[in-house]
2 protein chains.
Amino acid sequence: MATMQDVARLAQVSVSTVSYVLTGARPISQGTRAKVLAAMAQLDYQPNAMARGLASRRSRILGLLLPMDERGLGATETAFVTGAAAAASAVGYHLVLSPVGGGGDLDGLRRLASQRMFDGVVLMEVQLADERVGALQQAGVPLVLIGRTGDTAGLSYVDIDFEQTVREAVAYLVGLGHRQIVYVNHSAETLASGYGPALRTRDAFVTAMTGHGLEPVMIPAQDSAAGGRAALAAAITRTPGLTAVLAMNETAVFGILGELTGRGLAVPDDVSVVSMVTSPQVAELATPALTAMTSPGSALGRIAVEALVRHLDGAGDERHQQLLPCALEIRGSTAAPRSRHPDGG
Amino acid sequence: MATMQDVARLAQVSVSTVSYVLTGARPISQGTRAKVLAAMAQLDYQPNAMARGLASRRSRILGLLLPMDERGLGATETAFVTGAAAAASAVGYHLVLSPVGGGGDLDGLRRLASQRMFDGVVLMEVQLADERVGALQQAGVPLVLIGRTGDTAGLSYVDIDFEQTVREAVAYLVGLGHRQIVYVNHSAETLASGYGPALRTRDAFVTAMTGHGLEPVMIPAQDSAAGGRAALAAAITRTPGLTAVLAMNETAVFGILGELTGRGLAVPDDVSVVSMVTSPQVAELATPALTAMTSPGSALGRIAVEALVRHLDGAGDERHQQLLPCALEIRGSTAAPRSRHPDGG
DNA sequence: CTGAAAGCGCTAACAG
DNA sequence: CTGTTAGCGCTTTCAG
């Protein structure tokens, strides 16, 4: 493994000159640069990452912190991760996937931060009240969130625009003629834990429905097909005349579809289903394919990393706060309501 | 940020003593250790990862190399990744997610290897003839594959036991009374590219069916729901009396289900479906839930990392070669064939 | 435009 | 059982 010394010797220049042609931190004459480059090529030189990191105090490594408990990552979260990794790689950074304990392990976080392995950190699965944010800030680690806390003052984040997403989905269904729309959310425990997407969509649903002069009916569901079946059963009991379901639960929506079909209700003829914050791949799996609000997926991860790197490399203390819309993609699970009830149309 | 110097000064010992209580590389007396530990605690000391890496020539960072093109990671691959990350974290390593160009970018790989950022590397999505393996070996990077090449001499790998998986799935269907079993594989292009799982299961299917005295009928499918629909249509044309489908294509299987239902064929009463190398979460999404050969998922990633770390920390040149079985999990998509054809039983 | 040299914070001989 | 010290390979002043 050739070192910078070797290159310098071969090119007959000093090590600092080699360093400067590499970093471009000061002007180098054409001739010198050429000599150095030739020597590097000849020796197949690659700078040592650790040495560079130690001397420059920048590891060029980013951490992607995500709680890994439960049932692994969903398609949407996976897209965040791959998007972030690709973006980091594109700008010459490395991305460490760092599974951190779901909640209590703040000390572990602080320890991680103090090791100075990460120049900055992207935090996923942020709760509305998330102590990790404070811990990280206190440790002085540049930080970008995917998702956001309740109070976002002074924070950088990228998140989905849940308000817009719900508004658009509801408007679409209402435009089709639906009036009895039931919203299936995550479980009560998830809500209670302060899971932002669940909370924000819930509030947005109330606002949107009320705005249309309609009653917002909401049912929680466990994150499973069985949870979806149960939720649909509950929904029909509560609102027998429902003609549309708005699902904020990528997993439960499959159970909803199954239960609907099992009860002899056709999708979309009897009941329309819109799945929110869903990846196209997942939407395509269902029969019929799901009309969905497509999550920005890898774009979120990419933007988070780009904002972080800009902050590290660049000017200064720019906060980056951005909400990305979900796009309505109409597939086979929605239609105008059949006038089953004479009073319904 | 306190350094080791600070700790040494406060504890009134030399830096090397501090280093040795940290690494345990040589015995330290109770009293001294206690003093050092106290000083570390008081200063909230954390060793600097870059400095440690440079001096010890071990970064404690592992690379997870995966080609990221196409449509992101499936559930099974995601499980590999999360399993690997969790395992690395558990043994004090970091795991970098490194998206490398699908095929031709061997130079990029070599460059990566020469930067000495990774102590070792886990390579995913290995083809039967994969030049990356040779390049990495030549670069002297300790290497474990998830999947395997055609010639595995001298390599460490963890892979799914496709032969066993197919054998067991076929035996299960034959045991139920099925005789006309069609195997739906990945696309012809995927086969042609040397994708191991597709090739190995294909061969295993021929062997298994022939062993039962049955004819092995195989149909390729694009990796999409539409691909599955088309494949099923082709299968029925070719084998009108088919009573079971063995699907080696997590995505296409949803299309198969949809097309079956669309043609008025009930699952499992008219046609049984077994999905191979599938995650439970995905199997549960289908209606009916899929009987599947469940992929070892995160275990593969975990074992790969553990083998790699054992090689790095440990004794020496132990190759680790291991095949993991998929477990048959019976759900709602399989049953004994209805005797539609008098000659069928 | 280029060189010399002082570290970055730690590990691992070597010496006791 | 502990201390001294020479690096690891690079970046970045400080000098010219």
Side-chain angles (χ1 to χ4, degrees), chain A residues 1-37 39-40 43-61 92 94 111 113-119 312-313, chain B residues 1-37 39-40 43-61 92 94 111 113-119 312-313:
Chain A
M1 212 88 306
T3 76
M4 203 174 252
Q5 286 278 3
D6 303 328
V7 175
R9 192 157 23 219
L10 181 58
Q12 320 232 49
V13 297
S14 71
V15 277
S16 61
T17 297
V18 178
S19 174
Y20 285 120
V21 337
L22 229 41
T23 63
R26 83 181 181 191
I28 300 282
S29 72
Q30 273 308 315
T32 308
R33 151 175 279 104
K35 276 196 306 186
V36 171
L37 258 20
M40 296 203 308
L43 294 175
D44 200 21
Y45 170 75
Q46 285 302 133
N48 179 295
M50 293 294 121
R52 175 181 285 215
L54 178 57
S56 66
R57 265 153 298 236
R58 321 205 23 323
S59 64
R60 310 217 119 222
I61 298 174
H94 291 279
R111 216 170 305 132
S114 305
Q115 294 182 182
R116 308 263 116 196
M117 163 148 310
F118 301 150
D119 288 347
L312 293 174
D313 287 356
Chain B
M1 210 91 302
T3 77
M4 202 174 253
Q5 286 280 3
D6 303 329
V7 176
R9 193 160 20 222
L10 181 59
Q12 319 232 47
V13 297
S14 70
V15 277
S16 62
T17 298
V18 177
S19 174
Y20 286 120
V21 337
L22 229 41
T23 63
R26 84 182 182 191
I28 301 282
S29 72
Q30 272 308 316
T32 307
R33 151 175 280 104
K35 274 195 307 184
V36 171
L37 258 21
M40 297 205 305
L43 295 174
D44 200 21
Y45 169 75
Q46 285 302 132
N48 179 296
M50 293 294 120
R52 178 184 284 222
L54 177 58
S56 66
R57 262 153 300 232
R58 322 213 2 353
S59 64
R60 309 218 120 221
I61 298 175
H94 291 279
R111 216 169 306 132
S114 304
Q115 294 182 183
R116 306 264 116 196
M117 165 150 304
F118 301 150
D119 288 348
L312 293 174
D313 287 356

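The sequence lines fix the lettering, A, B, ..., with proteins before strands; numbering per chain opens at 1. All heavy atoms count here, side chains included; hydrogens, waters and symmetry mates do not.
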> Taking it one step at a time, do A:M50 and B:I61 satisfy side chain to side chain contact (heavy atoms under 4.5 Å, CB included)?
Replying inline: CA-CA 11 Å; A:M50 293 294 121; B:I61 298 175; 4.2 Å; yes
>> Walk me through whether B:L22 and B:R52 qualify under side chain to side chain contact (heavy atoms under 4.5 Å, CB included).
In response: CA-CA 11 Å; B:L22 229 41; B:R52 178 184 284 222; 3.7 Å; yes
> Contact class for A:S29 vs. all strands (heavy atom < 4.0 Å): base, sugar-phosphate, or nothing?
Replying inline: sugar-phosphate
> Taking side chain as C-beta onward, heavy atoms only, is B:R33 less than 4.5 Å from B:V36?
Replying inline: no
> For C:dC10, does OP1 or OP2 lie under 4.0 Å from any side-chain N or O of B:S19?
Replying inline: no
> For A:S14 and C:dG3, is the shortest distance between a side-chain N/O and OP1 or OP2 below 4.0 Å?
Replying inline: yes
>> Return whichever of B:R57 or A:T23 has its heavy-atom-nearest nucleotide of DNA chain D closer to the 5' end.
In response: B:R57
> If you take atom types as modelled and just measure distance, does the side chain of B:R26 reach the base of D:dT2 with a donor-acceptor pair under 3.5 Å?
Replying inline: yes
>> Using a heavy-atom cut-off of 4.0 Å across all strands, would you classify B:I28 as base, sugar-phosphate, or nothing?
In response: sugar-phosphate
>> Heavy-atom nearest nucleotide on DNA chain C for B:M50 versus B:Y20: which residue maps closer to 5'?
In response: B:M50
>> By nearest atom, which of the nucleotides C:dT2, C:dG9, D:dT5 is closest to the B:V15 side chain?
In response: D:dT5
> Are A:H94 and B:H94 close enough that some pair of their side-chain heavy atoms sits under 4.5 Å apart?
Replying inline: no
>> Please pick, from D:dG9, D:dT11, C:dC1, the nucleotide with the shortest atom-to-atom distance to any side-chain atom of A:P27.
In response: C:dC1
> Is any side-chain heavy atom of B:R58 less than 4.5 Å from a side-chain heavy atom of B:L312?
Replying inline: yes
>> Taking 4.0 Å as the cut-off, does a side-chain nitrogen or oxygen of B:R52 come that near to OP1 or OP2 on C:dT11?
In response: yes
>> Taking donor-acceptor contacts at under 3.5 Å, does the side chain of B:S16 reach the base of D:dT4?
In response: yes
> Base, sugar-phosphate, or nothing: which does A:V18 touch, judged by heavy atoms less than 4.0 Å apart?
Replying inline: nothing
> Taking atom C1' of D:dG9 as reference, at what distance in whole Å does atom CG of A:L43 sit?
Replying inline: 15 Å
>> Below the 4.0 Å mark, does C:dC10 have OP1 or OP2 next to a side-chain nitrogen or oxygen of B:S56?
In response: no
